[in-house]
Asker: 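This structure is in C-alpha cells; I'll ask about it shortly.
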Amino acid sequence: MNLPEVTVEVPKNAEYGDFSTNAALLLAKSLRQPPFEIAEKIVAEIKKKPQKIFSEISAFKNGFINFKISFEFLQNNLKTILKEKQKYGRNKTGKGKKVLIEFVSANPTGPLHVGHGRWAVIGDDIASLFEACGYKVDREYYVNDRGNQIKLLEKSVKAAANGSPVPEGGYGGSYIKEIADDLKDHKQLLPYILSKQKETLAKLKVIFDSYFSEKTLHDEGLVEDAISRLSSEGHTIREGGALWFKSEAFGDDKNRVLVKENGELTYFAADIAYHINKFKRGYDIIIDIWGADHHGYVPRVKAALAAVGLPIDRFEVIIGQLVTLYRGKEQVKMSKRTGEMVTLDEIISEIGSDAVRFFMTSTSVNNHLDFDLELAKEKKQENPVYYVQYAHARICSILRKSKCKVQSAKLDTLTHEAERALMRKLLDFEDEILAACRKREPHQLINYVKDVAAIFHNFYHQCRVLDNPARLVLVEATRIVIENVLKLLKIEAPEQM
RNA sequence: GAGCCCGUAGCUCAGUUGGAUAGAGCAACAGAUUUCUAAUCUGUAGGUCGGAGGUUCGAUUCCUCUCGGGCUCGCCA
C-alpha cells in the first residue's frame with residue numbers, strides 16, 4: 001500500500017502523548033472503515049511485540065494513535081547525558097563532509113555596523129551547528145580589497161589628514177578622521193581597518209579560518225580564467241563595447257556585464273572566479289550569507305556556476321533580512337558616506353556580547369529586525385539571556401550545596417509530572433540540533449533553551465532537589481544541556497549570578 | 001511595473017513535513033519564599049493568525065487573488 005503522507009509528530013498538547021501518527025486517518029478512505037476502528041487494530045498489532053520505549057500506545061476517538069514514552073527510557077537518557085557531557089546532542093550525521101560558510105564580508109572601508117553583527121552571529125551559529133552535526137567547517141570572510149571604493153577610501157583619508165574637504169563620492173565619517181590621525185603610513189590602511197574589524201568580531205567570539213582577498217583573484221589571473229572558461233563554452237557575447245555573460249540562458253532576468261566598455265572587470269566577474277575557487281577547494285556544501293539588499297544577485301551567480309558546469313546543488317545562499325536601528329521610536333539612519341552611524345563595537349560595549357549574540361540569534365533571519373538601543377539598555381536585567389543563564393547559575397548553586405554523590409543514584413523515583421516534563425525536553429536535544437542545522441535556523445535553539453529553562457524553573461518550584469540523589473542527576477543533566485546550547489551559541493553559562 | 005521577505009495578543013516574536021483547544025516573553029492585574037538563588041514561579045485578561053476565495057477528513061501552514069510594510073531591479077561595490 002502506498003501511503004506517502006503518513007507522519008509521526010509531537011503533539012502540542014501533552015495529553016496526547018509524546019508522539020502521534022495520523023496513519024489511521026489516511027487509511028480510512030481506502031479501507032472504507034472509520035478511522036478509530038483502524039487505529040484500534042493498529043494499536044493491537046503493535047502491542048503484540050514487547051518493547052520498553054513506550055509505556056502507553058492508544059487509539060484516540062478521532063483516529064490519531066498516541067504513544068507515550070516510558071519513564072524507564074527517559075530516566076536512562078539522563079545517564080546518557082551525564083556520561084556524554086559536552087558531547088550530548090552532538091552527532092555524526094555529517095560524516096566529516098566539508099562545509100564552507102562565507103559571511104560578513106563587509107567592505108574594508110570602515111567599522112562594522114549592526115547589520116554586519118547579525119550576519120556575524122548567524123553565520124557563526126550555523127557553522128557551529130554543522131560542527132555539532134559532524135561536519136568539517138571553514139568560516140570565511142571575503143575582502144573586497146580592490147577597486148574604486150578602495151581608491152576613494154585612500155583619497156578620503158588623505159583629505160582628512162590634510163584638513164581638506166571630503167572628496168567627491170568619498171567617505172565622510174568621523175572614523176575617517178580617526179584613521180587619518182592614527183595612521184602615519186597610508187599603505188597600511190587596509191590592514192589597519194581589517195584588524196579593527198577583526199577586533200570587533202573577536203569581541204563577539206567570531207573567528208574566521210580565512211580572509212579571502214579579492215585582489216589575489218585578479219593578481220593570479222583567476223578572473224580572466226573564469227571569463228575565458230565562460231567564453232570558450234559560448235556563454236559570452238560582445239555588445240556595446242562590453243563583454244556580457246549570457247545569464248538569461250540560465251534563468252537570470254537579463255544578461256550581465258563581465259568586462260566594461262573601458263576594459264575594467266566588474267565585481268561580478270571577480271565573484272564568479274571566487275565561487276569557482278570555492279568549488280575547486282573541494283567543499284561538499286558551500287553557503288553564502290547575504291543581506292536582503294543583495295538577494296537580486298543570487299540568480300546571476302548561480303547562472304554562472306551552472307554555465308561552467310559546477311554542481312550548483314552544493315551551493316546555497318541564505319538571505320537575511322536587514323536590521324533597522326532605533327533609539328526609542330526614532331530610527332537611526334545609517335550611512336557610511338555621511339558617517340552618521342552606530343558601530344557594532346559601540347553596541348557590544350553597551351549591552352555586552354552575550355546579549356548581542358542572544359538577541360541576534362533569537363529571531364528568524366527571514367524576519368526584518370528592529371533593534372532598539374534604548375530598549376536593549378533598559379531591559380538589561382530582563383533580557384531573555386539572563387533568564388536562561390539564571391537557570392544555569394541556579395543549578396550550579398544547588399550542585400555546590402549538595403553533598404550526595406550524583407553518579408550512583410537510582411532514578412526510578414523520577415515520576416513527578418514536572419520531572420517528566422523536564423526529562424522529556426532533554427531527550428529532544430539531539431533532534432533540535434539536527435533540525436536547526438538542516439534548516440540553517442539557529443533561532444530554533446534559542447527557543448529550545450528558553451523552554452528548557454522555563455520547564456526547569458517550574459520543576460524547581462515544585463520539587464525540592466537538595467539531598468535527593470535522583471533529582472540531582474536530573475538537575476545536572478539539565479545543566480549540561482543548557483551549557484551545551486549556550487556554548488554552541490558562544491554565550492556564557494555562568495556558575496553564579 | 002517585476003522579483004524576494006514579512007503581516008499571528010497592546011509591544012517584540014515562536015509556531016517543526018498541513019493535524020487535536022494557536023503559544024512564549026514584555027507590558028497590565030491578582031497571588032506565591034519559615035526550605036536548594038524572587039534575575040524565579042502560579043493564575044487572570046488579551047486573537048476575524050491582514051482580507052477574500054480555493055485544495056481536503058483537517059489550513060496560521062499549500063495554491064490564486066487582494067491590501068499593507070521592507071528590500072532589490074547599474075557597464076556601483
Asker: For A/Lys215, look at atom NZ and say whether over 12 heavy atoms of other residues, nucleotides or ligands are found less than 6.0 Å away.
Answerer: no
Asker: Does CD belonging to A/Glu495 count more than 12 external heavy atoms closer than 6.0 Å?
Answerer: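 Incorrect, the count does not exceed 12.
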Asker: Provide the distance between the two C1' atoms, one in B/U61 and one in B/U55, to the nearest whole Å.
Answerer: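 To the nearest whole Å, 13 Å.
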Asker: What does A/Ser20 touch in the nucleic acid at a heavy-atom separation under 4.0 angstrom: a base, only the sugar-phosphate, or nothing?
Answerer: base
Asker: Is any side-chain N of the basic residue among A/Glu316 and A/Arg440 closer than 4.0 Å to the acidic one's carboxylate O?
Answerer: yes
Asker: Sequence neighbours excluded, which residues qualify as salt bridge (charged side-chain N to carboxylate O under 4.0 Å, His left out) partners of A/Arg146?
Answerer: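 Testing A/Arg146 for salt bridge (charged side-chain N to carboxylate O under 4.0 Å, His left out), a comparison that skips the adjacent residues, returns none.
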Asker: One character per nucleotide, please: for nucleotides 71-77 of chain B, 5' to 3', B when the base has a protein heavy atom closer than 4.0 Å, S when only the sugar-phosphate does, - otherwise.
Answerer: BS-SBSB
Asker: If you assign each of A/Leu25 and A/Glu441 to its closest nucleotide in RNA chain B, which residue comes earlier from the 5' end?
Answerer: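 By nearest-heavy-atom nucleotide position, the 5'-most residue is A/Glu441.
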Asker: Ignoring hydrogens and angles, does a donor from either the side chain of A/Asn66 or the base of B/A20 sit under 3.5 Å from an acceptor on the other?
Answerer: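 For A/Asn66, whose side chain was compared with the base of B/A20, there is a donor-acceptor pair (under 3.5 Å).
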Asker: Give one of base, sugar-phosphate or nothing for A/Val8, where a contact means two heavy atoms less than 4.0 Å apart.
Answerer: base
Asker: Rounding to an integer number of angstrom, what distance separates B/C13 and B/C49 when you compare their C1' atoms?
Answerer: 14 Å
Asker: Taking OP1 and OP2 of B/C57, is either one under 4.0 Å from a side-chain nitrogen or oxygen of A/Asn22?
Answerer: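 False: A/Asn22 side-chain N/O out of range (4.0 Å or more) of B/C57 OP1/OP2.
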Asker: Classify A/Gln496 by what it touches in the nucleic acid, base, sugar-phosphate, or nothing, heavy-atom distance under 4.0 Å.
Answerer: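 Since a base atom lies under 4.0 Å of A/Gln496, the category is base.
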Asker: Go through B/C5, B/C36, B/C41 for me and flag the one nearest to the A/Asn366 side chain.
Answerer: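 So the nucleotide nearest the side chain must be B/C5.
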Asker: Before giving the answer on salt bridge (charged side-chain N to carboxylate O under 4.0 Å, His left out), spell out for A/Arg479 and A/Glu483 the whole-Å C-alpha distance, their side-chain angles and the decisive distance to 0.1 Å.
Answerer: CA-CA 6 Å; A/Arg479 192 199 63 74; A/Glu483 184 186 27; 3.1 Å; yes
